[in-house]
Amino acid sequence: MDCREIEKLLVRFLEGELSSEDNAKLENHLAACPACRKEKELLPQSWKMLDNYPAPELKPDFTACLMQRIHTEEQMVATVRSGMPRFVMRTTVPATVMLALLFTFLWTSNLRLRGYQSEQPGAAYFSIRDNRDDLADTDLGTNLEMYFLR
Amino acid sequence: MDYLLDDDVQLMLRFKNGEESCFVELVERHKERVFRLAYRFLGDHQEAEDLTQEVFLKIYCTKKNYTPQAKFTTWLYTVSKNTCLNTLRRKKPFIVSLNQELELEEDKLTPQLAAAVSVSPDNALLRQELLAAVKKALDSLPGPQRMAVILYRYEQLSYEEIARVMDSSVNAVKSLLHRAKLQLKEKLERYVKS
């Protein structure tokens, strides 16, 4: 065993986790190598140095602040939830319907104009790809492409 | 199923059934534990306090789905560990080379620091310098290694408990700690040499 190998085994040696064979090899090496003996001493000493890291205390009103924050956030969530149905009815649903109608209209008119009535989805896909310039990488183009790939 | 007899688990179950005072009791019992962990992991008082709040908020929000599967503290440490590691990921990467020298005048300071530990513990300045060296050495460890060291060295958890908290095997935890010890020795050896 050389010094590098010894260093890797030192932690396990100090914790008594080595096999008796490795233990004996390591002890033989340590008896002959002052540098490794020094390393062996440094490990527990540096570990002990971690004692010098005390943690401060929390401020006394921590729990009160936490509970206040929890109640404030609960109130906010309750407010948002109670307001949600009206908001959804007034904006999200009409917007979704309009988008769906617009998409359907664009899709059908696009097919009629270009005459892509083929029964083979693959053919339609390649035709669309040949005319990519017309679609100019818009979301509509991407959506159409994904549709025909399915 | 021993954990079902755990006082804290019982408190959490009562909180799940609507007794908010039980949650307050849990916070009172464990806030310092979470804060200490966060402080040593992040090294900043305010960040540690915010993280402690975040941990208890998560505990509060999961009350409906709470099903005891371990001791309460194991679960608490797991939530704290995840929150700490996520916070670390969100922070700007701070890279410290293993070979980087600590920014202290080591030749002048080392004998004094060694003396401060063994002879003159009242010397506030030297203790402060020593604290800075330990803090920096700990901060230089990768997140999981740092967490394993804090749980083992400061929170006195066993290898098995740390493995449960870190969702890992005992051997993996031992390996993390071995590497951390070697790295800490590299960082701190100049301060322990007398």
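None of these values were measured; they are calculated from a predicted model. Each chain gets a letter, A, B and so on, in the order its sequence line appears, and its residues count up from 1.
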* Asked: Can you say whether Pro54(A) sits under 4.5 Å from chain B via the side chain, the backbone, both, or neither, judging by heavy atoms?
  -> both
* Asked: Which answer fits Tyr39(B), side chain, backbone, both or neither, if we ask what part of it has an atom under 4.5 Å from a heavy atom of chain A?
  -> both
* State which residue, out of Leu57(B), Thr83(B), Val34(B), fulfils the side chain to side chain contact (heavy atoms under 4.5 Å, CB included) condition with Thr52(B). => Val34(B)
* To do: Using non-hydrogen atoms and a 4.5 Å limit, figure out which bit of Leu37(B) sits close to chain A: side chain, backbone, both or neither.
  => neither
* To do: For chain B, find which of Thr63(A), Leu50(A), Leu10(A), Asp51(A) contributes the most heavy-atom pairs closer than 4.5 angstrom.
  => Leu50(A)
* To do: Quick one: closest heavy-atom pair of Leu42(A) and Glu189(B), and the distance?
  => CD1-OE1, 3.2 Å
* To do: Using atom types as modelled and distance alone, determine if a side-chain donor or acceptor of Arg164(B) lies under 3.5 Å from a backbone N or O of Thr74(B).
  => no
* So what's closer than 4.5 Å to chain B heavy atoms on Glu7(A): side chain, backbone, both or neither? -> both
* To do: Hey, can you tell me if Tyr60(B) and Phe23(B) have their rings parallel, tilted or perpendicular (30° and 60° cut-offs)?
  => perpendicular
* Asked: Within 45° of the ring axis of Tyr154(B) and under 6.0 Å from its six-membered ring centre, is that where the NZ or CZ of Arg36(B) lies?
  -> no
* **Trp47(A) six-ring centre to Lys181(B) NZ/CZ under 6.0 Å and within 45° of normal** => yes
* Structural part of Glu39(A) lying under 4.5 Å from a heavy atom of chain B -> both
* Below 4.5 Å from any heavy atom of chain A, which atoms of His45(B) appear? Answer side chain, backbone, both or neither. => side chain
